[in-house]
Protein chains: 2
Amino acid sequence: MNSASAKALRSGGDPPARDFAPESDDAIFDMMELFFFAYRDFVKDADRLLEKYKFGRAHHRVLHFVDRRPGLAIAALLDILKITKQSLNRVLKQLLDGGFVEAREGANDRRQRLLYTSPEGAALARELARLQSARFVRVLSGLSPDARRSATEFLLAMIDQDERASVRAHLLVAAAAPSAGEESPP
Amino acid sequence: MNSASAKALRSGGDPPARDFAPESDDAIFDMMELFFFAYRDFVKDADRLLEKYKFGRAHHRVLHFVDRRPGLAIAALLDILKITKQSLNRVLKQLLDGGFVEAREGANDRRQRLLYTSPEGAALARELARLQSARFVRVLSGLSPDARRSATEFLLAMIDQDERASVRAHLLVAAAAPSAGEESPP
DNA sequence: AAAATATGTCAATATAGCTGACATAACCCG
DNA sequence: CGGGTTATGTCAGCTATATTGACATATTTT
């Protein structure tokens, strides 16, 4: 049941045995905490603006991904967010009701409801993105191109291996998306 | 009230105008999403083990920071987590009841309850850390020392400027803590 | 026509956070 | 000493975000 590697636990008072990683268990622990703190601060950036609309972070995520990938189907959005459709539905309904997101019947498959931001939704999405990207702009402008590449590489590598392909695809689609409509084949 | 840079919004169907940042608004948007996906996957790592103890992520965070910084006072923990004492109390009580965390009266200030992990708590904390650090080990081992430094630098820079000092201090304390007892002066 | 798919919805539940109000004990200061 | 501040606990109620399970509807696929 217990730790496989917890040998000399600090049960008495001896220094914790940092011996299983070649050269930097400490560094790794530090990075884990940095990651926590960095994310904690990052998500906070948009909160004040969201409050004005009585929206939460869930709304933000939906709005963001719909804006980035116009014509996104419900199922695809669920897959990105990794939540259930019931969870999505509440926030999505509020976004639809508020006129920030629109759903159109799929052209090929009329069961689908493809999601698009309205002009107001797009404006809000981008304003939120601007708030959050300010942090990135500040950080990245202080890094050399090489360091930027390393940071990007680092983040990508942090993603589950079997997710990485679809994330990469997502980024490409988002970048390429002219104003797209149809989904690519499953 | 609207986005200052949202000129040619995709109201009709024209390509989104990615023109306001010198060379890489796209790159920044991509990084923001990578950050989201990376964190989403990162926090997931420990969940299965936590379930066995009927604990959630909130318990994990408390356990982690108490283990990393033995003798942590309640107020200091609240400051790290940025939550209210009422929120903390529920999970902390469960950790105390379960014998994973112990609270001792402060030596200098008897109002304080200084927190320590029990041997079981420490074992759990480290097993959880091991699960999560596995991801970091995998990622960092694929990066050059330079790239590692860049990634670390990136994460640190992502933290709020006025928090950075205290985070740095936290890391140092955690690294230095032998199995410590007393707090350093406030 | 039957089966599978995409989505919506109702209901109940859990977790993690919040505010506000109030209580207790211990410390600090004049 | 006595009053103010600090550290913490606790009660009560609220919100946001997620879950599972069951069932409904329309549409596409076979």
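In what follows, chains carry the letters A, B, and so on, assigned in the order in which the sequence lines appear, proteins first and then strands, with residues in each chain numbered from 1.
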Q. Of the nucleotides D:dT28, C:dT15, D:dT8, which one has an atom closest to the side chain of B:Arg90?
A. C:dT15
Q.
OP1 or OP2 of D:dT8 versus the side-chain N and O atoms of B:Asn89: is any pair under 4.0 Å?
A. no
Q. What integer distance in Å separates B:Ile74:CD1 from C:dA26:C1'?
A. 16 Å
**Q.** Interatomic distance, A:Gln94 CD vs D:dA18 P [rounded to whole Å]
**A.** 12 Å
Q: Please check if the distance between the ring centroids of A:Phe42 and A:Phe136 is under 6.0 Å.
A: yes
Q) Hey, is the side chain of A:Arg110 poking within less than 4.0 Å of OP1 or OP2 on C:dT5, counting only N and O atoms? A) no
Q. Counting side-chain heavy atoms from C-beta on, which of D:dA18, C:dT7, C:dA16 comes nearest to B:Val91?
A. C:dA16
(Q) At less than 3.5 Å, do the side-chain atoms of A:Gln86 and the base atoms of D:dG21 form a donor-acceptor pair? (A) yes
**Q.** Toward the 5' end of DNA chain C, by each residue's nearest nucleotide, A:Arg111 or B:Phe55
**A.** A:Arg111
Q | Distance, rounded to the nearest Å, where A:Gln112 contributes CD and D:dT27 contributes C1' | A | 11 Å
Q. Counting just side-chain N and O atoms, does A:Thr84 come under 4.0 Å of either OP1 or OP2 of D:dA18?
A. no
Q. Between D:dA18 and A:Lys82, is there an OP1 or OP2 to side-chain N/O distance shorter than 4.0 Å?
A. no
**Q.** Interatomic distance where CD1 belongs to A:Ile83 and P belongs to D:dA16 [whole Å]
**A.** 16 Å
Q) Within this structure, what is the CG-to-P distance between A:Asn108 and D:dT28, rounded to whole angstrom? A) 10 Å
Q) When you match A:Ala58 and B:Ala75 each to their closest nucleotide on DNA chain D, which lands nearer the 5' end? A) B:Ala75
Q) What is the distance from CZ of A:Arg57 to C1' of D:dT15, rounded to the nearest Å? A) 14 Å
Q.
Any salt bridge linking A:Arg135 with B:Asp160? Criterion: basic side-chain nitrogen under 4.0 Å from a carboxylate oxygen.
A. yes
Q. Using a cut-off of 4.0 Å on non-hydrogen atoms, how would the nucleic acid contact of B:Lys93 be classed: base, sugar-phosphate, or nothing?
A. sugar-phosphate
Q | Spacing of B:Leu63 atom CG relative to C:dA16 atom P, expressed in whole Å | A | 13 Å
Q) If only side-chain N and O atoms of A:Lys85 are considered, is one of them under 4.0 Å from the OP1 or OP2 phosphate oxygen of D:dT19? A) no
Q: Dump the intermediate steps for salt bridge (charged side-chain N to carboxylate O under 4.0 Å, His left out) on B:Arg48 and B:Glu51, then the final yes or no.
A: CA-CA 5 Å; B:Arg48 253 182 306 174; B:Glu51 262 175 38; over 6 Å; no
Q) On DNA chain D, nearest-nucleotide positions of A:Ser87 versus A:Glu105: which is more 5'? A) A:Ser87
(Q) Using 0.5 Å steps for rounding, measure from the NE2 atom of B:His59 to the NZ atom of B:Lys54. (A) 11.5 Å
**Q.** Salt bridge present between B:Asp47 and B:Lys44 (N-O < 4.0 angstrom)
**A.** no
Q: Check the distance between D:dT17's P and A:Asp47's CG and give it to me in whole angstrom.
A: 10 Å
